[in-house]
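All remarks here apply to the structure that follows.
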There are 2 protein chains.
Amino acid sequence: MQRMTRQRLLIMRIIEDAGRPLSTAEILALTKRRRAGLGIATVYRTVKALGEADWLQSVDMPGSQVRYEKSDKAHHHHFHCRKCDRVFEMHGCLGELHRLTPRGFSMERHEIIITGLCATCLDRRA
Amino acid sequence: MQRMTRQRLLIMRIIEDAGRPLSTAEILALTKRRRAGLGIATVYRTVKALGEADWLQSVDMPGSQVRYEKSDKAHHHHFHCRKCDRVFEMHGCLGELHRLTPRGFSMERHEIIITGLCATCLDRRA
DNA sequence: GTCGTTGCAAAGCGTTTGCAGCCTA
DNA sequence: TAGGCTGCAAACGCTTTGCAACGAC
């Protein structure tokens, strides 16, 4: 992360504007929509570099591609819409997580993922 | 799932004996340990067929391979050891999950994943 | 004997990497 | 102008699929 290039600025702007975690495919599609496409390898290398710089963090969704979001957010979890495959941020968390951890095991991180239909897909189905 | 073959019996027995969700690679390794190796394609096809027959279900662990476990278990969640990469079952669940779901969204499933060190890896480190 | 199942190898698909050329600092 | 960054294409690792041979029923 030593030089600021057109590609990096574009990717950072796209992630900041998204309002939800984006996959590399989504990032690439959004660069094309802005008529400023770039190589998929650059997207992968950039999100990796931005992660190492602690500017973004990855969001692993089970059974789906990894998404990326800015790392300056408060602790939160994610909602995965099974219809449009988009991921949304959910505010808050649940206590009592240590209660689930098996005896003798140490908890370092936790993830709560809710799957279902987002508001848009619910509306469209009606 | 029309014929019961040596390969299918073996895979079913391995999953039943495991006591924790297994990946296709783990299943294959366990068949080899029993000196009864088989093709990796057979493992994939068998877990798919067993899933369609509702005998097992897949456990998607973020950033790791899919694991498989018998589907006759009570509702539970999973612990992922970041050192040995094994996945363990955790009993119980947390209430209040609907509290996290965004307004206008519908929750269908949820997943709680705790990451850390399992008892074995904690002991070995000491 | 039939045809569902297996094993191999090839094909897919998302992700990573090698390398020549580009462009930021 | 140096060398970090990009884009292409090849390589990779995991998963799926085509096809001939096998074996459960």
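In what follows, chains carry the letters A, B, and so on, assigned in the order in which the sequence lines appear, proteins first and then strands, with residues in each chain numbered from 1. Everything numeric here is computed off the predicted structure, so don't read it as measured data.
OP1 or OP2 of C:dG7 lies within a sub-4.0 Å distance of a side-chain N or O belonging to B:T42. Contact annotation: A:Q7 reaches the phosphate of D:dG7 (side-chain N/O to OP1 or OP2, under 4.0 Å). Note on B:T5: a side-chain N or O is less than 4.0 Å away from OP1 or OP2 of C:dT6. The phosphate of C:dT24 has neither OP1 nor OP2 within less than 4.0 Å of any side-chain N or O from A:R6.
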Enumerate all atom pairs, one protein N or O and one N or O from nucleotides 17-23 of chain C, separated by less than 3.5 Å.
| unit_1 | atom_1 | unit_2 | atom_2 | d |
| --- | --- | --- | --- | --- |
| C:dG18 | O6 | A:R45 | NH1 | 3.3 |

Practice problem: Under the side-chain contact (heavy atoms from CB on, under 4.5 Å) rule, what do A:T31 and A:L28 come out as? Steps first, then yes or no, please. | Solution: CA-CA 5 Å; A:T31 66; A:L28 190 66; 4.1 Å; yes
Quiz item: Going through the distances and angles, do B:L22 and B:Y68 end up as a side-chain contact (heavy atoms from CB on, under 4.5 Å)?
Solution: CA-CA 5 Å; B:L22 298 178; B:Y68 302 90; 5.9 Å; no
Practice problem: Evaluate the criterion side-chain contact (heavy atoms from CB on, under 4.5 Å) for residue pair B:S23 and B:M61; output intermediate values, then yes/no. | Solution: CA-CA 10 Å; B:S23 65; B:M61 300 306 288; over 6 Å; no
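Among the heavy atoms of the strands, none lies under 4.0 Å from A:I40.
Results of the side chain to side chain donor-acceptor pair (under 3.5 Å) test with A:Q57 over A:K73, A:K70, A:R67, A:E69 single out A:E69 as the only residue that passes.
Atom P of nucleotide D:dG13 and atom CG of B:D85 are separated by 16 Å, given to the nearest angstrom. For the pair B:L9 CG and C:dG4 C1', the interatomic distance rounds to 15 Å; values are reported in whole Å. What separates CZ of B:R8 from C1' of C:dG7 is a distance of 14 Å, to the nearest Å. Note: CE (A:M12) to P (D:dC5) measures 13 Å, nearest angstrom. The CD1 atom of A:I11 sits 11 Å away from the C1' atom of D:dC5 (whole-angstrom rounding). Rounded to an integer number of Å, the gap from CG of B:L28 to P of D:dT16 is 15 Å. Rounded to an integer number of Å, the gap from CD of B:Q65 to P of D:dC12 is 19 Å. The OH atom of A:Y68 sits 14 Å away from the P atom of C:dG14 (whole-angstrom rounding).
Here the straight-line distance linking atom CD1 of B:I112 with atom CG of A:L97 works out to 6.5 Å at 0.5 Å rounding. The distance from atom CZ of A:F88 to atom OG1 of A:T120, rounded to the nearest 0.5 Å, is 6.0 Å.
Of the candidates C:dA25, C:dT6, C:dG4, the closest approach to any side-chain atom of A:M4 belongs to C:dA25.
The residues B:E96 and B:R99 are annotated as salt-bridged, a charged nitrogen and a carboxylate oxygen being separated by less than 4.0 angstrom. Using a 4.0 Å cut-off between a side-chain N of Lys or Arg and a carboxylate O of Asp or Glu, A:E89 and A:R20 do not qualify as a salt bridge.
The aromatic rings of B:F105 and A:F79 stand perpendicular to each other, their planes meeting at an angle above 60°, with 30° marking the opposite boundary.
When atom types are taken as modelled, the side chain of A:S71 and the backbone of A:D54 share a donor-acceptor pair closer than 3.5 angstrom.
Both B:Q2 and B:T24 sit near DNA chain D, but only B:T24 has its closest nucleotide nearer the 5' end.
Contact check of residues 51-64 of chain A against DNA chain C (heavy atom, cut-off under 4.0 Å) returns no residues at all.
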